[in-house]
Amino acid sequence: MTGLLGPAEIRDLAARLGVAPTKRLGQNFVHDPNTVRRIVTTAGLTAEDVVLEVGPGLGSLTLALLPAAAHVHAIEIDPVLAAALPETAARHAGPAADRLSVHRADALRVTAGQLADPAPTALVANLPYNVAVPVVLHLLAELPTLRHGLVMVQKEVADRLVAGPGSRVYGVPSVKLAWYAHVHAAGKVPPNVFWPVPNVDSGLVAFTRREPPGVGGSRERVFAVVDAAFAQRRKTLRAALAGWAGGADRAAAVLTAAGVDPRARGEALPVEQFAAIAASAPAASDRAVG
């Protein structure tokens, strides 16, 4: 793997483009070649994978991905960075630059149709801290071809995404990601590999898509239960789901039918039990959100 960008190249390229990282877009550019090599290796890509990268920025990770995959779709919202990325790839990636497609778009609005040729099979990205969770969930919902991925996010966000029932940080992101995929922590990344240097550590989160748990409960219905359960985290599920079910007694009946103790709290339930609750509820309780 050659032609990767170090600190000097990153700053020179940014200066040439007149680019300064902005908090509004959550931009922290990776400038350490060893870190991007580690990300690509940990992602477990094959030569047949079609990679989706969100927020490629100046191209540090993109250049490491191109030799490792069949194709790379890069989604960049910043027009200057999106326009510059093909030239950076041509300069540093050699023939592998032909594998790159750059899409100037908002990752929260991108559709499967925009990325259909070829369809992405892996998500590998240094995600902007301010939109990391909604981006991952949107892409998994929109792109059923995504089979696996590795994302770098703020360590606090990584902890929430991989948390299990009973954890202090287990919550809505944990359950919703678990609905789509098996998830695990894949390492920590120090602040000094970024420019500008953030005041937090980052974490790597790996996932492998799985069949959704349970039967009879659509994603919308399951996510509605999850949102209601954690909206009032300290309440029992009987109370927390009262608004969703049409009353506390109805909530208790649904919970009992699903084999869940009405006195339990949402933080104690794995995703399979949330799916069971959604499947046990009458259709009238379906007030889906998310």
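Because the structure is predicted, anything quoted here is derived from the model rather than measured.
At a cut-off of 3.5 Å, with distance as the only test, a side-chain donor of His71 or Ser101 sits close to an acceptor on the other residue.
Between Val36 and Asn126 there is no side-chain heavy-atom pair separated by less than 4.5 Å. Looking at heavy atoms from C-beta onward, Leu13 lies in side-chain contact with Arg16 at the 4.5 angstrom threshold. Taking the side chain as every heavy atom from C-beta outward, His73 and Pro118 approach each other to under 4.5 Å. Looking at heavy atoms from C-beta onward, Pro282 lies in side-chain contact with Val254 at the 4.5 angstrom threshold. Residues Phe223 and Val175 fail the side-chain proximity criterion, which asks for heavy atoms closer than 4.5 Å. Within the 4.5 Å cutoff, the side chain of Leu5 has heavy atoms near those of the His92 side chain. Side chains of Leu237 and Val260 form a contact here, defined as non-hydrogen atoms less than 4.5 Å apart. Within the 4.5 Å cutoff, side-chain heavy atoms of Ser202 are placed close to those of Phe194.
Within the 3.5 Å criterion, the main-chain N or O of Leu161 finds no donor-acceptor partner in the side chain of Tyr170. Panel note: side chain Arg221, backbone Ala281; a donor-acceptor pair is recorded below 3.5 Å. Under the 3.5 Å distance criterion, the side-chain polar atoms of Arg209 are matched with a main-chain donor or acceptor of Leu146. A side-chain donor-acceptor contact under 3.5 Å links Thr256 to the backbone of Ala252. Gln114 contributes a side-chain N or O that, together with a main-chain N or O of Thr111, makes up a donor-acceptor pair within less than 3.5 Å. When atom types are taken as modelled, the side chain of Glu142 and the backbone of Leu139 share no donor-acceptor pair closer than 3.5 angstrom. In this structure a side-chain-to-backbone donor-acceptor pair under 3.5 Å is missing from Thr42 to Ile39.
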Would you list the atom pairs, donor with acceptor, under 3.5 Å between side chains in residues 147-155 and any protein atom, with sequence neighbours excluded?
{"from": "His148", "atom 1": "NE2", "to": "Asp49", "atom 2": "OD1", "distance (Å)": "3.3"}
{"from": "His148", "atom 1": "NE2", "to": "Asp49", "atom 2": "OD2", "distance (Å)": "3.2"}
{"from": "Lys155", "atom 1": "NZ", "to": "Asp159", "atom 2": "OD1", "distance (Å)": "2.9"}
{"from": "Lys155", "atom 1": "NZ", "to": "Asp159", "atom 2": "OD2", "distance (Å)": "3.3"}

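Contact detail for Asn28 and Pro196: the closest heavy-atom pair is ND2-O, 3.0 Å. Leu17 and Leu58 make their closest contact through CD1-CD2, 3.9 Å (heavy atoms, listed as atom of the first residue, atom of the second, distance). The shortest non-hydrogen separation linking Leu66 to Ala96 is CD2-O, 3.7 Å. The two residues Gln273 and Gly259 come nearest to each other via the heavy atoms NE2-O, 4.1 Å. Shown here for Arg160 and Val169, the closest heavy-atom pair between the two residues is CG-O, 3.8 Å. Across Leu63 and Ala93, no two heavy atoms sit closer than the pair CD2-CB, 4.1 Å.
Between Phe274 and Phe230, the two ring planes are tilted [angle within 30° to 60°]. Between Phe29 and Trp195, the angle of the ring planes lies from 30° to 60°, which puts this pair in the tilted group.
Checked options Ile75, Thr121, Val72, Val110; the residue passing with Leu52 is Ile75 (criterion: side-chain contact (heavy atoms from CB on, under 4.5 Å)).
Crowding of Arg109 atom CZ: a count of heavy atoms from other residues, nucleotides or ligands under 6.0 Å not exceeding 12.
Residues satisfying the side-chain hydrogen bond (donor to acceptor under 3.5 Å, both in side chains) test with Arg38, not counting sequence neighbours, are none.
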Check: Hey, mind stepping through Arg238 and Asp249 against salt bridge (charged side-chain N to carboxylate O under 4.0 Å, His left out) and telling me if it holds?
Finding: CA-CA 7 Å; Arg238 182 182 188 276; Asp249 289 343; 2.5 Å; yes
